[in-house]
Amino acid sequence: MKAPLIFEIKGNSLDDGAGIRSVVFFKGCPLACIWCHNPEGMRTGVEIAFDQRECIGCNTCIETCLQHALARDNPFFIDRQRCTLCFLCTEACPSGALDRVGREMTKEAILEKVLKDKPFYDTSGGGVTLSGGEPTLYMDSVSALLQALKTHGIHCLLETCGQFDLERFTTLVYPYLDAIYYDIKLFDPEEHKRFCGVTNATILANFVELIELTRADGKEFLPRVPLVPNITDSDANLGAIAAFLQSHRVTKAKLLPYNPLWPEKSSKVGIGTDSLDASMKKWMGSEKIKHCESIFREHDLDV
Ligand code: SF4
Ligand code: SF4
């Protein structure tokens, strides 16, 4: 079994499920949401990242690179057509400004890292969250990891975009999960395709099956909706999603307030964001968030 590509394992998280958790971020995603707040996790494959703020200007990397892929007059610093991902520059960089994104990690290596924090999970009601990217790109490895975590009595939560083969998911992954956080971004299929790269047909169909399955099994299933200015935060989109959830007897959902820090993360991995409109470069106001919440409450949803 091929080891999955992991781009981060974050300990002591209080934002990704109940209690204190470790979050394992899997690299690669079947969607391509233009506002992805983990852009370093979107592409399948190892990458190199450059953080301008960390660079001390020593030029060691430029002298090290045999491909001449690094240049100050490149707005992203790295020419990704030339770069062969040899990582000589990341090893030579004294400041950590250049970094490798994504490492293959075996089940044993992931376990070794997350089991260190088991006492915190036990005392706080926490556990391990699989996130990304999209963990279900690695169904077999995720299945093996979850089974190992369950033998240690650890609460397992999956954060997912819902774009996966349901039969494989219910066989390989679902049995070992305690909770699922399931993102719904746009209700209109064409809008979904425009902003996320694919239609939402599979996502909504999987949602309908999983809401019933988790209800029958007593597992937590929490729909989440990211609030993105002028894309997902319209009354029409939020109203359509809220009505859909209500029609499936959902009583609780989570709205994810917009985080404008992702463009900076995008530029580190060479994704340009110059064409963004001004509303996407600032935090969403509390009045707007309250208005979005009110749309869900009108549909009897606790948010
Ligand atoms: S990873 Fe290798 S080829 Fe790419 S920029 Fe660094 S030294 Fe050059
Ligand atoms: S080696 Fe690191 S600190 Fe030095 S110029 Fe390159 S990126 Fe900047």
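Counting starts at 1 for both ligands and their atoms, in listed order. Just so you know, these numbers use all the heavy atoms, side chains as well, and skip hydrogens, waters and symmetry mates.
Because its NZ or CZ atom is both nearer than 6.0 Å to the ring centre of Phe87 and within 45° of the ring axis, Arg100 counts as a cation-pi partner of that residue.
For atom 6 (Fe) of ligand 2, the closest non-hydrogen atom on the protein side is Cys61 SG, 2.2 Å. Counting only heavy atoms of the protein, atom 4 (Fe) of ligand 1 lies nearest to Cys83 SG, 2.4 Å. At the top of the distance list for atom 1 (S) of ligand 1, counting protein heavy atoms only, stands Phe87 N, 3.2 Å. If you check which protein heavy atom lies closest to atom 2 (Fe) of ligand 2, you get Cys93 SG, 2.4 Å. At the top of the distance list for atom 3 (S) of ligand 1, counting protein heavy atoms only, stands Thr84 N, 3.4 Å. With respect to atom 8 (Fe) of ligand 2, the closest heavy atom belonging to the protein is Cys55 SG, 2.4 Å.
Here Cys89 fails the criterion, with no N, O or S atom under 2.8 Å of atom 2 (Fe) of ligand 1. Look at Cys58 and atom 4 (Fe) of ligand 2: an N/O/S atom of the residue is under 2.8 Å from the metal.
Around atom CZ of Phe244, more than 12 heavy atoms belonging to other residues, nucleotides or ligands sit under 6.0 Å away. Other residues, nucleotides and ligands contribute over 12 non-hydrogen atoms within 6.0 Å of the NZ atom of Lys281. The number of heavy atoms from other shown groups lying within 6.0 Å of NZ (Lys219) is above 12.
Each of Ile78, Val269, Leu70, Asp99 was checked for a side-chain contact (heavy atoms from CB on, under 4.5 Å) with Ile48, and the lone residue meeting it is Ile78. For the side-chain contact (heavy atoms from CB on, under 4.5 Å) with Lys252, the lone residue among Leu301, Leu245, Asp302 that qualifies is Asp302. Among Glu47, Glu40, Glu104, the one residue that satisfies the side chain to side chain donor-acceptor pair (under 3.5 Å) test with Lys27 is Glu47.
Note: Tyr182 and Phe207 have perpendicular aromatic rings, judged against thresholds of 30 and 60 degrees for the angle between ring planes.
Close contacts of ligand 2 with Phe50, meaning ligand atoms under 4.0 Å from a residue heavy atom, involve 7 (S). Contact atoms of ligand 1 toward Gln67: 3 (S) (distance under 4.0 Å to a heavy atom of the residue). Here is the list of ligand 2 atoms found below 4.0 Å of a heavy atom in Ala97: 7 (S). Short contacts between ligand 2 and Asn59, defined as distances under 4.0 Å to a heavy atom of the residue, involve ligand atoms 4 (Fe), 5 (S). For ligand 2, the atoms closer than 4.0 angstrom to any heavy atom of Leu98 are 7 (S). Set against the non-hydrogen atoms of Leu70, the atoms of ligand 1 under 4.0 Å away are 5 (S).
Between the side chains of Gln147 and Ser143, a donor-acceptor pair is found at a separation under 3.5 Å. Defined by atom type and a distance below 3.5 Å, a donor-acceptor pair is missing between the side-chain atoms of Ser279 and Tyr258.
Distances from ligand 2 to the non-hydrogen atoms of Glu91 include no value under 4.0 Å. At least one heavy atom of Ser95 lies less than 4.0 angstrom from ligand 2.
Looking at Arg72 against ligand 2, only its side chain comes within 4.0 Å, counting heavy atoms.
In this structure, the side chains of Val225 and Leu238 come closer than 4.5 Å at one or more pairs of heavy atoms.
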